[in-house]
Protein chains: 2
Amino acid sequence: MSSVVAINQRARTAEQKAQRRNAVLEAAETYFLEVGYEAFSMSNLAKNIGIAKGTLYLYFETREEIFLTLYEQSLVRWSDIFIDDLRETMTSQVYARKLLTAAAADGTFLPLLIRLEHLIEHNVALPRLIQSKQVFIARVEKIAKVTASSLELSEAQATEVVKTMGVLLIGATQGDQGPALDEEDLPQEVQDLIASFSSKPLFIKNAVRIIEGIRMETAFSI
Amino acid sequence: MSSVVAINQRARTAEQKAQRRNAVLEAAETYFLEVGYEAFSMSNLAKNIGIAKGTLYLYFETREEIFLTLYEQSLVRWSDIFIDDLRETMTSQVYARKLLTAAAADGTFLPLLIRLEHLIEHNVALPRLIQSKQVFIARVEKIAKVTASSLELSEAQATEVVKTMGVLLIGATQGDQGPALDEEDLPQEVQDLIASFSSKPLFIKNAVRIIEGIRMETAFSI
DNA sequence: CATATAGCTGACCGCTAGTCATTTCAAGGT
DNA sequence: ACCTTGAAATGACTAGCGGTCAGCTATATG
């Protein structure tokens, strides 16, 4: 007896409900990767899944709660991959490159990270928000542990590095979220500007500066 | 004879039209400071001004074009104040503090900067977007000039500093855009987390790391 | 087979950005 | 002083949004 809930069958047990919720999340992520944050509509999501719009609201209180959940999942997914990359010691540059590569490879993580605080968190119930922050805290700690050995830093330094990398990641990848522009239509100086904000070198160079800065500060202050 | 266009009088000359456009912008900024980006609606803006919604669209093509214009204005306003602060040489820490203080004092600048690339730029006609980028380029150059003498850097280093400060500013002030949370309702560890992302120390510490990093790199490479 | 429970539905609400046929105003020519 | 004319202003309208909830119906249980 399969406990999989077919479409248009009702989810009655807790397990079935969890499955349906996951099915919604999966469909939501696929749909999100197609159309992006702003064009993502609850009606279309429901149509894609083949359920009524109201049903979505049995599983998520708001559109933003879906995004918050997708964000959490992508945070865990990304950080697991990144953590796996940090088994050996490495230079801060390699560290930064691995971090960015793993983040950019996940189509969900960065677009949601960028919208987290000013959009997503504003329409989610407080307990859910707190829960999400706790997931975040746990992840930071987990990443900091491997960062400490990978970069040969103290745990406190590593925690500072990880938090700061998050901040830098948001700023440095901002340019990737701009509209797709046909280069032909742009004056040379604007093309140059856009090129100079290319997220990869921007992130890596400044990550190195920050990590080495953190390394030096504590070396002197001891 | 005053050339001021009273409400409900028609703007016929180019000058009168420019005046009306400015009046719309002023009202838009006041309204934006009241309700923020997401709650800002064109109908309410029109009501506030006492004109019909359609009239707004004679002066701006889209809601986002209004925001782009307010962003440009706030960029110029902020940078003029910041530039004025940079008449003497100073440490990178003082530099960073002055930069952030001027930015945070302007209620318009940071919220629009944060939304610029992933929201505002996506609904503005290309020529207007190019124009805005050119304003940005000119501002970066102007700030870089005074930065070079203020921090005793080369022009190339100063340009790198200015661009990077923009990136860091976006990342570091992200937390200020989260929902207003009543501290009492939060578990201690979440309160600590939020405190650890306080934008002011976050920005200043990392600005110093980056500026000193840039200073050292070129010192060695010469 | 009847009943009660609860998952599911979709019409509906109040709102949004943006459009455009129509109205209105006022300057310029006579 | 009046008329013509062009453009500024209008606001009803469209299509679509997130979210709600009274009513429908599938299904587990007695």
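In what follows, chains carry the letters A, B, and so on, assigned in the order in which the sequence lines appear, proteins first and then strands, with residues in each chain numbered from 1.
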Whole-Å gap separating [atom2] ([N]) and [atom1] ([X]):
X: A:I49; N: C:dT9; atom1: CD1; atom2: C1'; result: 15 Å
X: A:Q9; N: D:dT25; atom1: CD; atom2: C1'; result: 14 Å
X: A:K47; N: C:dG10; atom1: NZ; atom2: C1'; result: 12 Å
X: A:E38; N: D:dC17; atom1: CD; atom2: P; result: 14 Å
X: A:Y37; N: D:dC17; atom1: OH; atom2: P; result: 15 Å
X: A:K17; N: C:dA6; atom1: NZ; atom2: C1'; result: 8 Å
X: A:N123; N: D:dC17; atom1: CG; atom2: P; result: 17 Å

With respect to the side chain of [X], which nucleotide from [options] is positioned closest?
X: A:Y57; options: D:dA28, C:dA17, D:dG19; value: D:dG19
X: A:S43; options: D:dG18, C:dC8, D:dG19; value: D:dG18
X: B:E64; options: D:dG18, C:dG18, C:dC8; value: C:dG18

Check whether any side-chain nitrogen or oxygen of [X] sits under 4.0 Å from OP1 or OP2 of [N], and answer yes or no.
X: A:Y59; N: C:dC8; result: yes
X: B:R10; N: C:dC25; result: no
X: B:N44; N: C:dC15; result: no

Quiz item: When we call it a touch if two heavy atoms are under 4.0 Å apart, what does A:F60 touch: a base, just sugar-phosphate, or nothing?
Solution: nothing
Quiz item: Can the positive tip of B:R63 be found less than 6.0 Å from the middle of the six-membered ring of B:Y37, inside 45° of the ring normal?
Solution: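 Judged by the rule, B:R63 and B:Y37 form a cation-pi pair.
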Quiz item: Closer to the 5' end of DNA chain D via nearest nucleotide, is it B:L58 or A:A39?
Solution: B:L58
Quiz item: For A:F60, what residues pass the ring-ring contact (aromatic ring centres under 6.0 Å, His included) criterion, not counting sequence neighbours?
Solution: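 Here no residue qualifies.
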Quiz item: In terms of side-chain geometry, is the basic nitrogen of A:R77 or A:E29 positioned less than 4.0 Å from the acidic oxygen of its partner?
Solution: yes
Self-check item: Note, A:E64 side chain near A:L119 side chain (heavy atom, < 4.5 Å)
Solution: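 No. Closest side-chain heavy atoms not under 4.5 Å.
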Quiz item: So, B:Y95 versus B:T147: side-chain donor-acceptor pair below 3.5 Å or not?
Solution: yes
Quiz item: Does CD in A:E34 sit with more than 12 non-hydrogen atoms of other residues, nucleotides or ligands closer than 6.0 Å?
Solution: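 Enclosed.
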Quiz item: Does atom CD of B:Q134 have more than 12 heavy-atom neighbours from other groups under 6.0 Å away?
Solution: yes
Quiz item: Of B:E61 and B:R12, whose closest DNA chain C nucleotide lies nearer the 5' terminus?
Solution: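 Of the two residues, B:E61 wins.
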Quiz prompt | Sequence-aligned protein contact record of nucleotides 11-16 of chain D, with B where the base is within under 4.0 Å of a protein heavy atom and S where only the sugar-phosphate is | solution = B-----
